[in-house]
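Quick caveat: nothing in here was measured; it's all calculated off a predicted structure. Numbers restart at 1 for each chain; the letters A, B, ... are given by sequence-line order, proteins then strands.
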There are 2 protein chains.
Amino acid sequence: MKNESSTVENYIKTIYSLCDKNGKTTVSAVAERLQNNPASVSNMVRRLHEKGLLENKSKLILSKEGNLLARQLIRKHRLWETFLVRVLNFKWEEVHDIAEQLEHVHSPLLTERLPVFLKYPKFDPHGDPIPDKKGNLPDLNAIPLTEAEVDQLYIFRSVATDKSDFLNYLNKKGLQLGQKWKVTEKEEFDGSVKLLIDENREVYFSETVAQNF
Amino acid sequence: MKNESSTVENYIKTIYSLCDKNGKTTVSAVAERLQNNPASVSNMVRRLHEKGLLENKSKLILSKEGNLLARQLIRKHRLWETFLVRVLNFKWEEVHDIAEQLEHVHSPLLTERLPVFLKYPKFDPHGDPIPDKKGNLPDLNAIPLTEAEVDQLYIFRSVATDKSDFLNYLNKKGLQLGQKWKVTEKEEFDGSVKLLIDENREVYFSETVAQNF
DNA sequence: GTAAAATTTTAGATTAATCTAAATTATGAA
DNA sequence: TTCATAATTTAGATTAATCTAAAATTTTAC
């Protein structure tokens with residue numbers, strides 16, 4: 001996907017956030033949100049369609065490409081917000097406008113390394129979910145390993161990280177997606193946990209690892 | 001100073017870096033560097049002068065405002081490079097283009113907090129000096145406390161930080177600008193140092209503090 | 001001191017992103 | 001179903017930043 005201007009990116013994000021359950025929104029809604037004239041929006045809609053970011057010439061529905069772009073921008077926005085709060089000690093109310101600028105910085109390597117440094121956060125400081133690099137939102141019903149109840153049975157459905165290394169590490173430890181497990185012991189002082197997998201294998205994980213489930 | 005576009009900022013930075021000993025450069029040099037047509041540069045020069053960023057209508061000399069803007073951009077650029085290398089583990093050859101984007105993010109609060117987090121670095125990963133927030137470059141002949149030789153007498157001329165808190169802290173410890181001191185002991189294992197100030201007072205500093213001289 | 005070469009500026013066009021005003025097209029209520 | 005209102009699109013202008021081509025100016029070399 002080639003680079004889009006910040007303006008185009010802002011339109012796509014706005015359209016994404018205004019879409020109803022049918023994945024649709026209107027020219028006037030976008031105009032209102034961006035405080036632009038409807039004529040400007042109408043014009044931009046044509047150009048977004050030419051770029052392949054909208055499904056339809058006149059309907060405001062994001063294409064697959066447009067949808068992915070929106071989610072990747074939201075990902076970057078929320079990662080930067082997390083960075084600003086956790087690392088630079090901003091308050092969560094202060095970070096929106098700065099992240100709004102930072103999200104337009106284009107660098108695949110940076111977008112890859114920021115979440116590594118932040119330990120693959122699933123939620124931003126406002127509590128909003130951070131899409132993974134493929135644009136998938138974390139399962140809101142999923143429970144992180146650190147919050148699993150002792151002796152309650154769970155199914156291993158996802159990891160919080162998009163680093164394939166991490167999944168490889170778990171596989172090497174004998175933990176596969178889809179397996180059932182429960183926490184048998186929880187060490188309060190260092191946050192480490194002991195798991196029983198498939199009723200027969202025991203594995204220990206440090207808190208750092210546990211946070212990535 | 002009101003916000004300038006990234007384009008304007010890039011012109012100012014380019015002019016700054018091309019200026020000769022008389023603080024002057026040429027349309028063609030800027031055109032060459034930016035890979036723009038000389039006609040475009042000529043046009044922009046008029047606009048930069050209208051904005052008060054150039055001294056003269058036709059001569060390419062930065063005004064006081066323009067000069068400060070350039071130094072502040074260089075400051076941001078080098079702080080971001082330092083961040084990328086030290087925090088996100090980039091190699092120093094990889095960071096230029098990313099910093100080129102990050103330097104245009106406008107947020108006084110961010111520009112204030114980034115160097116706090118980085119412990120007020122004086123030099124970027126390429127070894128280039130980082131101007132302070134007033135645009136002053138660190139004295140290239142100055143020696144950081146961490147590199148002071150034991151028993152050699154020095155004069156305390158500057159701190160690496162622009163945080164007034166730090167100077168206040170030093171003053172409270174009895175250390176004033178202009179004073180003579182020498183390192184009497186240097187602890188290799190934790191980088192802490194013992195100073196003899198004015199031949200009569202002893203003070204200890206941790207490595208963190210020492211790095212900020 | 002003048003003419004050739006280099007540099008700079010002007011003039012006119014282009015593109016992205018915006019605007020206002022006017023025209024067109026949908027929507028929906030009687 | 002029709003007509004008033006709301007929504008959208010078109011037409012034409014504007015601004016920032018760029019371009020090419022041509023004109024004007026400045027430098028340099030003899």
Side-chain angles (χ1 to χ4, degrees), chain A residues 1-16 18-20 22-62 65-66 69-70 73 100-101 103-104 106, chain B residues 1-16 18-20 22-62 65-66 69-70 73 100-101 103-104 106:
Chain A
M1 185 163 5
K2 71 174 171 315
N3 276 9
E4 304 297 349
S5 71
S6 293
T7 311
V8 166
E9 291 186 343
N10 282 332
Y11 269 94
I12 292 300
K13 257 193 29 167
T14 303
I15 292 166
Y16 179 87
L18 288 172
C19 278
D20 58 21
N22 308 311
K24 229 158 85 178
T25 187
T26 64
V27 167
S28 45
V30 174
E32 162 76 20
R33 174 69 66 89
L34 292 176
Q35 291 289 287
N36 274 1
N37 194 291
S40 311
V41 176
S42 191
N43 225 291
M44 181 58 96
V45 163
R46 185 178 32 73
R47 286 171 42 216
L48 295 176
H49 179 251
E50 282 163 14
K51 284 169 184 287
L53 296 168
L54 295 181
E55 266 309 318
N56 206 283
K57 188 149 54 170
S58 50
K59 276 180 193 148
L60 268 165
I61 302 171
L62 290 175
E65 289 246 313
L69 177 56
L73 286 165
E100 205 69 26
Q101 297 178 65
E103 75 192 12
H104 300 298
H106 176 78
Chain B
M1 187 163 4
K2 71 175 171 315
N3 276 8
E4 304 297 349
S5 71
S6 292
T7 311
V8 167
E9 291 185 343
N10 282 332
Y11 269 94
I12 293 299
K13 256 192 31 165
T14 303
I15 292 166
Y16 179 88
L18 289 172
C19 277
D20 58 20
N22 308 311
K24 227 157 89 179
T25 187
T26 64
V27 168
S28 46
V30 175
E32 163 75 21
R33 174 71 66 88
L34 291 176
Q35 290 289 286
N36 275 0
N37 194 290
S40 312
V41 176
S42 191
N43 226 292
M44 181 57 95
V45 163
R46 188 178 28 75
R47 286 172 41 217
L48 294 177
H49 179 253
E50 281 162 14
K51 285 169 183 290
L53 296 168
L54 296 181
E55 266 307 318
N56 207 283
K57 188 148 56 169
S58 50
K59 276 181 193 147
L60 268 165
I61 303 171
L62 290 175
E65 289 246 312
L69 177 56
L73 287 164
E100 206 69 27
Q101 297 178 64
E103 76 191 12
H104 300 297
H106 177 78

Asker: Please tell me if the side chains of A:Leu53 and A:Ile15 come closer than 4.5 Å, counting only heavy atoms from C-beta onward.
Answerer: no
Asker: Taking CZ from B:Arg46 and C1' from C:dT9, how many angstroms apart are they, rounded to a whole number?
Answerer: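 Checked: the CZ to C1' distance equals 10 Å.
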Asker: Using modelled atom types only, decide if a donor and an acceptor are shared between the side chain of B:Thr14 and the backbone of B:Asn10 within a distance under 3.5 Å.
Answerer: yes
Asker: Of the listed nucleotides (D:dT18, C:dT9, D:dT9), which one gets closest to any side-chain atom of A:Ala39?
Answerer: D:dT9
Asker: Give the rounded distance in Å between these two atoms: CG of A:Asn43 and P of D:dA7.
Answerer: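 That distance rounds to 20 Å.
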Asker: Nearest whole angstrom, please: distance from the P of D:dA7 to the CG of A:Leu60.
Answerer: 14 Å
Asker: Using the side-chain heavy atoms of B:Ser42, tell me which of these nucleotides is nearest: C:dT9, D:dC19, D:dT8.
Answerer: C:dT9
Asker: Whole Å only: how far is the NZ atom of A:Lys24 from the C1' atom of D:dA7?
Answerer: 14 Å
Asker: C:dC19 phosphate, OP1 or OP2: any side-chain N/O from A:Asn36 under 4.0 angstrom?
Answerer: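 True: A:Asn36 side-chain N/O within range (under 4.0 Å) of C:dC19 OP1/OP2.
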Asker: Rounded to whole angstrom units, what separation is found between the CE atom of A:Met44 and the P atom of D:dT10?
Answerer: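 Distance, rounded to whole Å: 16 Å.
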Asker: With heavy atoms under 4.0 Å as the rule, sort A:Ser28 into base, sugar-phosphate or nothing.
Answerer: sugar-phosphate
Asker: So, does A:Asn37 get its side chain near the phosphate of C:dT20, meaning an N or O under 4.0 Å from OP1 or OP2?
Answerer: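 Indeed, a polar side-chain atom of A:Asn37 lies that close.
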Asker: So what does B:Thr7 hit on the nucleic acid, given a heavy-atom distance under 4.0 Å: a base, only sugar-phosphate, or nothing?
Answerer: sugar-phosphate
Asker: Side-chain contact, heavy-atom cut-off 4.5 Å: A:Thr7 with A:Met44?
Answerer: yes
Asker: Where do N or O atoms of nucleotides 24-28 of chain D meet protein N or O atoms at under 3.5 Å, pair by pair?
Answerer:
none

Asker: For B:Lys24, is there an ion pair with B:Glu55 - N to carboxylate O distance below 4.0 angstrom?
Answerer: no
Asker: Whole angstroms only, please: what is the CG-C1' distance between A:Asn10 and C:dT18?
Answerer: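 Computing the A:Asn10:CG to C:dT18:C1' distance gives 14 Å.
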Asker: Using a 4.5 Å cut-off on heavy atoms from C-beta on, say whether the side chain of B:Val8 contacts that of B:Lys51.
Answerer: yes
Asker: What I'd like to find out is whether the side chain of A:Glu9 reaches to under 4.5 Å of the side chain of A:Glu103, using heavy atoms alone.
Answerer: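 No - every pair of side-chain heavy atoms lies 4.5 Å or more apart.
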Asker: Salt bridge (charged side-chain N to carboxylate O under 4.0 Å, His left out), that's the test. Do B:Glu50 and B:Arg46 meet it? Break it down for me.
Answerer: CA-CA 6 Å; B:Glu50 281 162 14; B:Arg46 188 178 28 75; 3.6 Å; yes
Asker: For A:Glu32 and D:dA6, what is the distance between atoms CD and P respectively, to the nearest whole Å?
Answerer: 15 Å
Asker: So, is B:Tyr11 close to the D:dA16 phosphate, meaning a side-chain N or O under 4.0 Å from OP1 or OP2?
Answerer: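 It does not, given that no N or O in the side chain of B:Tyr11 lies less than 4.0 Å from OP1 or OP2 of D:dA16.
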Asker: May I have the distance from A:His49 (atom NE2) to D:dT9 (atom P), rounded to whole angstrom?
Answerer: 13 Å
